[in-house]
Amino acid sequence: MAAAEVRVTLPDGSEKRLPVGATGADLAQAIGPGLAKAAVAARVDGQVWDLTRRLPDGVTVAILTERDRQALDVLRHSSAHVLATAVRQLFPHAKIGFGPPIEDGFYYDFEVPTPFTPEDLERIEAKMHEVVRADYPFVREEVDRAEAKRRFADDPLKLERIEDLGPNEVISVYTDGPFVDLCRGPHVASTGKIKHFKLLHAAGAYWRGDERRQMLQRIYGTAWFTKDDLEAYLRRLEEAKKRDHRLLGRQLDLFSIQEDVGPGLIFWHPKGAMMQFQLRRFIEDVILERGYQLVYTPNLTREELFLRSGHLPLYAANQFPPMAAGEGEGEGVHYRVKPMNCPMHILIYAAQQRSYRDLPIRLAEIANVYRNERSGTLHGMLRVRGLTMDDAHIFLREDQIEQEIFQLLDIVELVLGKTFGLSYRLDLATRPEKKLGTDATWDQAERALEQALKHRGATYRIDQGGGAFYGPKIDVKFNDAIGREWQGATIQLDFEQPERFQLEYAGEDNRPHRPVMIHRAIYGTLERFCGFLIEHFAGAFPLWLAPEQVRVLPISDAQIPAARAVQQQIAAAGLRAHVDERNETLNYKIRDGETHKVPYMAVVGQREADAGTVAVRVRGAGQKQVVLPVAQFVARLSEELQTRALVPAIR
RNA sequence: GCUGACGUAGCUCAACUGGUAGAGCAGCUGAUUUGUAAUCAGCAGGUUAAGGGUUCGAGUCCCUUCGUCAGCUCCA
């Protein structure tokens with residue numbers, strides 16, 4: 001009888017009849033015992049539900065198992081509740097904030113009088129294991145607003161949350177054993193499902209991310225379905241630690257930050273500077289072939305320039321304060337260090353009359369700019385105050401925007417995709433709250449970028465409110481060798497500054513027209529990109545970037561002259577090589593070369609000296625060695641260098 | 001900027017409840033002349049981040065400043 005049944009559709013399109021009141025768990029059981037065992041949650045008409053909720057008639061249901069990413073989020077969300085359960089037992093007066101799943105785990109925010117110590121975390125984790133062993137079911141209840149307020153009368157943060165819920169929202173409450181939380185859900189069936197987790201660290205976090213509100217104490221943890229996954233994740237954290245560019249930067253003598261000079265200011269040591277030089281040279285070649293022109297502009301300017309550009313009202317917090325002019329100049333004259341190059345390049349554009357025939361005009365400058373980043377945000381080379389941008393500003397007609405975006409995406413593909421072998425994705429970042437210009441120009445600019453992306457056939461995501469203050473942008477996000485996401489390249493469209501500077505070009509109609517501007521960077525900044533490269537390659541750079549490409553190792557002093565001759569042949573081919581003439585054993589020199597991640601070591605013993613060969617040791621390849629005539633060795637390396645190969649030519 | 005933790009030799013780390021700063025690696029010197037991831041010995045190296053305070057006595061306790069780290073926020 002139909003009234004006693006509900007009908008649900010499965011993902012394969014088939015239909016299943018269940019008794020009224022059947023839950024997701026019942027459905028899984030009806031499909032098969034294996035699925036019932038593996039089931040974590042149900043996706044009901046696209047929404048993830050607890051397995052214990054009753055299925056309405058006519059819905060489409062998919063049973064989520066450990067293989068579904070959404071199931072992992074459910075597990076982590078439940079883990080956050082287990083964390084809160086444990087914290088409430090150990091700290092009964094802790095007020096509870098939010099506890100969502102995140103990228104690789106979960107967190108929960110608590111308001112407590114004193115921050116959690118590492119010892120607290122150990123105790124909390126132990127208590128969590130007790131909660132798991134107790135295997136409390138997660139019980140969902142729907143309550144009305146008055147009831148919700150009554151239940152959370154002692155939790156001001158939750159009360160605030162309840163106030164913010166819309167009038168028609170269903171208020172649900174989940175209970176696991178002793179712990180009750182206001183929560184949308186869903187959850188796993190019981191706390192016993194959570195087995196493989198670990199608390200990672202605690203840190204302060206503002207309530208609702210607002211720095212004017214009180215600071216809560218956030219505990220981060222990670223949780224996985226299997227022990228292997230958990231261990232793999234913890235290994236990944238270890239791996240990330242080993243790749244830390246601050247550590248490798250010191251070990252490989254690439255860069256330093258000097259307390260005497262100030263935070264966020266990078267000293268590029270000779271080896272790091274060589275990398276920067278190679279990166280610069282590469283990108284300059286690429287853009288010069290594509291119609292760009294190099295310019296150099298001052299680091300300082302009268303601050304009126306930034307008033308005119310619109311920086312001062314909206315960007316002053318990120319700029320260093322003004323400095324007075326020298327003696328003899330007017331009292332009121334103040335200078336600023338530049339945080340961006342755009343106004344400078346605009347002045348070059350405006351320095352002469354421009355014709356529609358000249359456009360696009362592409363002005364590029366790899367220049368230092370300085371931004372007064374908040375001290376707490378600074379981080380090695382990845383977030384600095386002195387930035388070397390591979391910057392360019394393109395002045396063009398509106399009808400040229402699309403073509404130019406295509407060219408820029410081509411450059412991104414050439415540099416990030418082809419040369420560095422990175423996979424990346426595109427974000428379209430739209431107008432932020434603090435912005436210049438009218439909604440009409442923003443509409444126009446956002447539409448232009450979106451059109452270009454669509455016509456290109458590119459896939460992209462929308463980053464709502466992520467744009468620059470003067471215009472929307474396409475941000476390029478790429479992944480490194482261990483799966484982390486980075487941002488560098490950016491393409492920004494700007495209708496605003498041409499307006500503010502009254503830029504013009506003479507059109508075909510012999511009348512003045514306003515050009516559009518594109519701001520773009522491919523590496524982003526050389527600091528961040530270099531920091532990324534260090535972590536991505538774990539310091540083992542491809543040959544073309546490696547500061548030291550070949551180390552020639554004489555086995556004893558007797559082979560030093562032969563080794564020097566080899567070094568000269570290598571250097572003559574444009575490769576960076578040096579001879580390790582130190583009075584040490586071969587083993588020592590090899591260990592030193594490996595720890596410094598030199599791509600090739602060329603061992604010269606008496607046999608090689610006599611035969612005109614080298615015994616080549618490839619970085620990381622262990623004892624395996626290839627004996628080659630010097631000329632052949634040099635030829636193979638030259639090829640590897642020219643092609644900017646990512647894998648060694650000799651293996 | 002905010003919250004918390006931290007700051008000892010170039011690097012990694014020691015130094016009991018306050019009692020004269022110590023080791024390994026790196027560096028220098030010498031011996032050794034080495035065949036694929038550390039040869040041996042000796043020497044040198046520090047106003048314990050800076051400044052102030054408490055104390056007979058401070059690396060250790062207190063205050064201020066600077067910096068670093070984990071986050072929040074922000075972002076190339």
Side-chain angles (χ1 to χ4, degrees), chain A residues 107 109 114-118 200-220 244 246-247 250-251 253 256-264 317-318 339-340 369 371-391 429 432 466 468 473 475-477 486-490 492 519-532 553-560 582-596 601-608 615-625 627:
Chain A
Y107 67 76
D109 288 342
T114 53
F116 296 110
T117 63
L200 298 174
H201 52 252
Y206 297 108
W207 169 233
R208 315 195 99 179
D210 183 340
E211 63 186 344
R212 288 164 304 196
R213 305 295 299 269
Q214 73 267 42
M215 183 161 278
L216 309 182
Q217 294 305 316
R218 176 171 297 176
I219 297 178
Y220 285 89
D244 191 317
R246 294 166 296 186
L247 193 70
R250 193 163 49 227
Q251 282 169 2
D253 194 20
S256 65
I257 298 169
Q258 308 276 339
E259 201 174 315
D260 290 341
V261 169
N318 289 301
M340 295 186 190
V369 298
R371 297 182 183 174
N372 193 5
E373 301 290 345
R374 301 164 91 180
S375 60
T377 65
L378 301 173
H379 181 85
M381 285 184 123
L382 300 181
R383 192 71 193 280
V384 296
R385 285 182 172 156
L387 301 71
T388 312
M389 301 194 74
D390 71 312
D391 206 4
K473 56 183 183 168
D475 282 332
V476 183
K477 310 252 165 104
W486 300 71
Q487 204 224 299
T490 181
Q492 313 177 342
H519 311 233
R520 53 102 279 187
I522 305 300
Y523 296 134
T525 67
L526 286 155
E527 286 78 14
R528 177 174 290 178
F529 197 74
C530 197
F532 156 76
L553 309 182
I555 286 182
S556 77
D557 288 356
Q559 290 90 39
I560 286 180
R582 290 175 298 180
N583 181 3
E584 291 290 351
T585 59
L586 180 63
N587 276 338
Y588 179 91
K589 292 177 185 175
I590 284 178
R591 181 182 155 80
D592 195 63
E594 290 284 357
T595 50
H596 285 90
M601 281 181 268
V603 176
V604 180
Q606 202 50 51
R607 289 201 296 272
E608 290 77 14
V616 180
R617 185 182 168 111
V618 183
R619 175 181 59 202
Q623 287 199 21
K624 201 171 126 194
Q625 44 175 314
V627 178

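Order of the sequence lines fixes the chain letters, A, B, ..., with proteins taken first and strands second; residue numbering starts at 1 for each chain.
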Quiz item: Is the side chain of K589(A) donor-acceptor paired with the backbone N or O of I555(A) at a distance under 3.5 Å, no angle test?
Solution: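 Here the side-chain-to-backbone pair does not exist.
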
Any donor-acceptor N/O pair under 3.5 Å between [N] base and [X] side chain:
X       : N      : result
R617(A) : A37(B) : yes
R528(A) : C75(B) : yes
R371(A) : C75(B) : no
Y206(A) : G1(B)  : yes
D557(A) : U33(B) : yes
Q258(A) : G67(B) : no

Please report the interatomic distance [atom1]([X]) to [atom2]([Y]), rounded to the nearest 0.5 Å.
X       : Y       : atom1 : atom2 : result
R383(A) : T377(A) : CZ    : OG1   : 4.0 Å
H596(A) : R591(A) : NE2   : CZ    : 10.5 Å
L553(A) : Q559(A) : CG    : CD    : 11.5 Å
S556(A) : E584(A) : OG    : CD    : 13.5 Å
D592(A) : R582(A) : CG    : CZ    : 4.5 Å
D109(A) : Q217(A) : CG    : CD    : 9.0 Å

Between [atom2] on [N] and [atom1] on [X], what's the gap in Å once rounded to a whole number?
X       : N      : atom1 : atom2 : answer
D390(A) : A76(B) : CG    : C1'   : 10 Å
W207(A) : U73(B) : CH2   : C1'   : 17 Å
I590(A) : U34(B) : CD1   : C1'   : 11 Å
I555(A) : G35(B) : CD1   : C1'   : 4 Å
Q251(A) : C25(B) : CD    : C1'   : 12 Å
Y588(A) : A38(B) : OH    : P     : 11 Å
H379(A) : G67(B) : NE2   : P     : 17 Å

For [N] and [M], measure between their [atom1] atoms and round to the nearest Å.
N      : M      : atom1 : result
C72(B) : C56(B) : P     : 48 Å
C61(B) : U54(B) : C1'   : 8 Å
U33(B) : U39(B) : C1'   : 11 Å
C43(B) : U8(B)  : C1'   : 22 Å

Counting heavy atoms from C-beta on, name the nucleotide in [options] closest to the side chain of [X].
X       : options                : result
T377(A) : U36(B), U34(B), C74(B) : C74(B)
Q606(A) : A70(B), G35(B), U36(B) : G35(B)
E584(A) : A37(B), A76(B), U39(B) : U39(B)
R383(A) : G35(B), U39(B), C75(B) : C75(B)
Q487(A) : U36(B), A76(B), U34(B) : A76(B)
E259(A) : G4(B), C66(B), G35(B)  : C66(B)
L387(A) : U39(B), A76(B), G1(B)  : A76(B)
H201(A) : U36(B), C72(B), G71(B) : G71(B)
R374(A) : G1(B), G71(B), U36(B)  : G1(B)
P263(A) : U36(B), U68(B), C69(B) : U68(B)

Quiz item: Closer to the 5' end of RNA chain B via nearest nucleotide, is it K624(A) or A202(A)?
Solution: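 By nearest-heavy-atom nucleotide position, the 5'-most residue is K624(A).
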
Self-check item: Residue whose nearest RNA chain B nucleotide is more 5′ - G204(A) or V603(A)
Solution: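 Per heavy-atom nearest nucleotide, the more 5' residue is V603(A).
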
At their closest point, which heavy atom of [X] faces which heavy atom of [Y], and how far apart are they?
X       : Y       : value
A468(A) : Q492(A) : CB-OE1, 4.2 Å
A615(A) : Q625(A) : CB-OE1, 3.5 Å
R520(A) : D390(A) : NH2-O, 2.8 Å

Within the sub-3.5 Å range, which N or O atoms of nucleotides 11-13 of chain B have a protein N or O partner, and how far apart are they?
residue: U12(B); atom: OP1; partner: R250(A); partner atom: NH2; Å: 2.9

Quiz item: Using a cut-off of 4.0 Å on non-hydrogen atoms, how would the nucleic acid contact of Q625(A) be classed: base, sugar-phosphate, or nothing?
Solution: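 Contact class for Q625(A): base.
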
Practice problem: May I ask you to say what E373(A) touches in the nucleic acid, namely base, sugar-phosphate or nothing, with a heavy-atom cut-off under 4.0 Å? | Solution: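 E373(A): base contact, heavy atoms under 4.0 Å.
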
Quiz prompt | Short N-O contact, R208(A) and D210(A), less than 4.0 angstrom | solution =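 Here R208(A) does not pair with D210(A) in a salt bridge, since their nearest N and O are not under 4.0 Å apart.
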
Exercise. Map every base of RNA chain B to its dot-bracket character, where paired means a Watson-Crick or G-U wobble contact with both distances under 3.5 Å and | marks a partner outside the strand.
Key: (((((((..((((.....[..)))).(((((.......))))).....(((((..]....))))))))))))....

Quick one: is [X] getting a side-chain N or O under 4.0 Å of the [N] phosphate, OP1 or OP2?
X       : N      : result
K589(A) : A38(B) : no
T585(A) : U39(B) : yes
R246(A) : C69(B) : yes
Y107(A) : A70(B) : no

Each nucleotide N or O in nucleotides 42-47 of chain B that has a protein N or O under 3.5 Å away: list the pair and distance.
none

Practice problem: Show the numbers, then the answer: is there a side chain to side chain contact (heavy atoms under 4.5 Å, CB included) between E527(A) and T388(A)? | Solution: CA-CA 7 Å; E527(A) 286 78 14; T388(A) 312; 2.6 Å; yes

Practice problem: Decide yes or no for P263(A) and L378(A): does some side-chain heavy atom of the first lie under 4.5 Å from some side-chain heavy atom of the second? | Solution: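 Result yes, sub-4.5 Å side-chain heavy-atom pair found.
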
Quiz item: Parallel under 30°, tilted from 30 to 60°, perpendicular over 60°: which one fits the rings of W486(A) and F532(A)?
Solution: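 Perpendicular, since the angle between the ring planes exceeds 60°.
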
